[in-house]
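All figures in this text were calculated on a predicted structure; none of them were measured in a lab.
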Amino acid sequence: MRTARIAVVVLFTAGLLAYSAWLLEFVVDTGLSPVDRPAEDLLGANPVFRIARGLAGLAFVLSGPPLMRLAPVHWTSRLSAVAVAVFGFLMLADAAEPGLTAVELAANLVFVAGALSLVLWWPPRWREWAIAGLALVLTTWALVLVAGTLGPGHAQGLLTRVQLAVRTVLLGVGAAYVVVTPVHRRS
């Protein structure tokens, strides 16, 4: 179990750092407006963003098996582990072929399912984090959808970056949960 915990922490740290690579747009010239252009456009602006997205995806995919080992034997906790791994596969798909609406939709749905699964199985003090995370995930997704339908000039870039930040924080809280929660021995 200790090896699984270490693997999750290392893979989540690598995944979170790579997933946060969009912040490099403030030091790498992309020619994109961070307010108006969606963060997804960064994948076509500079190869470093696609590489980082792929590395994040790979790290999240690889964290799936050790997460399954650490998760209690219950469908809600297993859904959390599966959601992280599927999210990783979707990030790999996004890096390979950026801008596919189906991948974007699936990533949002998987993230909502994963956040909801945390609400259903985390203990009370952690559950508040999960509830707040789920609310923020749903709110940012709704705002991104509205901005996208309104078209250019409606802060879609800003909202997609807020969405990335919210996802990163929730994944980070999940990693913190793995670090501080005792692992129950299986017989």
Transitively linked via ILVMFWY side-chain contacts under 4.5 Å: [X] with [Y]?
X	Y	answer
L32	L43	yes
L143	L170	no
V28	Y19	yes
V112	V146	no
W22	L24	yes

How far does [atom1] of [X] sit from [atom2] of [Y], to the nearest 0.5 angstrom?
X	Y	atom1	atom2	result
L159	T140	CG	OG1	8.5 Å
L23	R161	CG	CZ	10.0 Å
L17	T168	CG	OG1	10.0 Å
L164	L42	CG	CG	8.5 Å
Q156	L145	CD	CG	9.0 Å
W141	L109	CH2	CG	4.0 Å

Measure across [X] and [Y] and return the closest heavy-atom pair with its distance rounded to 0.1 Å.
X	Y	answer
V8	L70	CG2-CD1, 3.8 Å
L90	V103	O-CG1, 3.5 Å
W121	S80	NE1-OG, 2.9 Å
M91	G57	CB-CA, 3.6 Å
V84	F60	O-CB, 3.7 Å
A115	L134	CB-CD1, 3.8 Å

Hey, is the main chain of [Y] close enough, under 3.5 Å, to the side chain of [X] for a donor-acceptor pair?
X	Y	value
R127	W122	yes
S117	G114	yes
T30	E25	no
R50	A96	yes
S77	A71	no

Worksheet entry | Single hit among V110, V61, N108 for side-chain contact (heavy atoms from CB on, under 4.5 Å) with F87 |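 When V110, V61, N108 are each tested with F87, the side-chain contact (heavy atoms from CB on, under 4.5 Å) holds only for V110.
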
Fill in: F89, CZ atom: more than 12 neighbouring heavy atoms under 6.0 Å
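12 or below, so no.
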
Can you tell if the side chain of [X] reaches within under 4.5 Å of the side chain of [Y], non-hydrogen atoms only?
X	Y	result
P34	F26	yes
L67	F12	yes
W126	V173	yes
L120	W75	yes

Discussion item. Tell me whether R167 forms a cation-pi arrangement with F111, defined as NZ or CZ under 6.0 Å from the six-membered ring centre and within 45 degrees of its axis.
Written reply: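 Positive - R167 is close enough to the ring of F111 and near enough to its axis.
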
